[in-house]
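To start, the structure itself, in structure tokens.
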Amino acid sequence: KQEVTQIPAALSVPEGENLVLNCSFTDSAIYNLQWFRQDPGKGLTSLLLIQSSQREQTSGRLNASLDKSSGRSTLYIAASQPGDSATYLCAVRHRSGGSYIPTFGRGTSLIVHP
Amino acid sequence: DAGVIQSPRHEVTEMGQEVTLRCKPISGHNSLFWYRQTMMRGLELLIYFNNNVPIDDSGMPEDRFSAKMPNASFSTLKIQPSEPRDSAVYFCASGDSNTDTQYFGPGTRLTVL
């Protein structure tokens, strides 16, 4: 059974810091990995998606990397801002029976204070 | 596009009552996911449809839960009878097969008293 772990569970940093959020998964036979952001009381917003054949994806101040062999992904946030405060979740799409289903981590709750 | 639409946004009901949650996916998307989010268990996949056909329902907790997708623009998740432990936020997400990206709705917060 695929298990997805996110470390740290919570993080509080001053504005301007560069951050690394970690996601690990137990079964490396994945189809893709997706990072999401969730604001309080809201749904999830997709940030970056990395296919299994890719090593990284970038969007603005965000960079996500994938190392399938070690079962790890990192989300790098450059020059953090208070508006980055949210919970960040990673989801791994993996084979289950005859289909590929997503399994989510519990998330990292990020607070960026001015 | 208006994004994924879910209704109702909030539902408060009494134990034993039937609850129906509704979802309208993004037009053109061919996959649809129902999730449940709680503090205790995080975000759990309940059921996954592809081209209106249920592909994986291994996450549906009990026979009290059922989901349908009669056409490409509508899906329902029904709980009958509801129990207090069903209280959670239920999310619907639709997927774009070209990009494999999931797009989430705003969720339905269900409280069963």
Side-chain angles (χ1 to χ4, degrees), chain A residues 1-10 23-27 30-54 57 59 62 64 66 73 86-109, chain B residues 1-7 9-10 21 23-26 29-51 53-60 67 88-111:
Chain A
K1 178 187 174 187
Q2 179 75 266
E3 293 183 5
V4 181
T5 303
Q6 292 190 243
I7 294 173
C23 172
S24 62
F25 45 95
T26 54
D27 184 353
I30 66 170
Y31 181 64
N32 63 39
L33 183 146
Q34 194 166 2
W35 282 93
F36 293 86
R37 167 188 174 133
Q38 185 174 27
D39 293 286
K42 306 284 188 180
L44 281 69
T45 301
S46 177
L47 298 174
L48 291 164
L49 182 142
I50 311 176
Q51 300 290 356
S52 62
S53 58
Q54 299 174 323
Q57 285 287 334
S59 176
L62 305 179
L66 174 64
S73 175
T87 297
Y88 291 80
L89 297 98
C90 71
V92 172
R93 197 90 179 254
H94 59 96
R95 182 171 285 280
S96 176
S99 62
Y100 286 95
I101 64 168
T103 296
F104 279 78
R106 297 298 299 271
T108 294
S109 177
Chain B
D1 200 313
V4 176
I5 299 172
Q6 291 187 247
S7 65
R9 293 294 310 278
H10 302 274
L21 310 182
C23 176
K24 176 178 169 57
I26 293 173
H29 285 187
N30 64 348
S31 57
L32 185 139
F33 307 81
W34 281 102
Y35 293 92
R36 177 172 66 178
Q37 187 175 42
T38 61
M39 289 293 292
M40 288 289 291
R41 300 174 67 91
L43 193 65
E44 303 173 281
L45 176 68
L46 299 176
I47 188 168
Y48 157 44
F49 291 89
N50 194 50
N51 293 323
V53 175
I55 301 300
D56 190 304
D57 65 355
S58 58
M60 295 286 264
V89 180
Y90 290 80
F91 287 104
C92 173
S94 68
D96 175 358
S97 59
N98 291 323
T99 65
D100 288 324
T101 299
Q102 290 187 66
Y103 297 84
F104 277 72
T108 295
R109 181 172 295 277
L110 173 65
T111 302

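Sequence lines set the chain letters: A, B, ... in the order given, protein chains first and strands last, and positions in each chain run from 1. All values reported here derive from a predicted model rather than from experimental measurement.
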Does R93(A) count as lying over the ring of Y100(A), i.e. NZ or CZ under 6.0 Å from the six-ring centre, within 45 degrees of the axis? no
Contact winner vs chain A - I55(B), D100(B), D56(B), L45(B), heavy-atom pairs under 4.5 Å: D100(B)
Chain A contact via Y103(B) - which portion, at a heavy-atom distance below 4.5 Å: neither
Have S46(A) and W35(A) got a donor and an acceptor in their side chains that come within less than 3.5 Å? no
Please flag which part of T45(A) lies under 4.5 Å from any non-hydrogen atom of chain B: side chain, backbone, both or neither. neither
For H94(A) and T103(A), test the side chains for any donor-to-acceptor distance below 3.5 angstrom and give the result as yes or no. yes
When the ring planes of F36(A) and F104(A) are compared, do they come out parallel, tilted or perpendicular, using 30° and 60° as the limits? tilted
Of all of Q6(B), E44(B), R109(B), M40(B), which one pairs up most often with chain A through heavy atoms under 4.5 Å apart? M40(B)
Need one label for L49(A): side chain, backbone, both or neither, based on atoms under 4.5 Å from any heavy atom in chain B. side chain
Aromatic contact between Y35(B) and F104(B), with the criterion being ring centroids under 6.0 Å apart: yes or no? yes
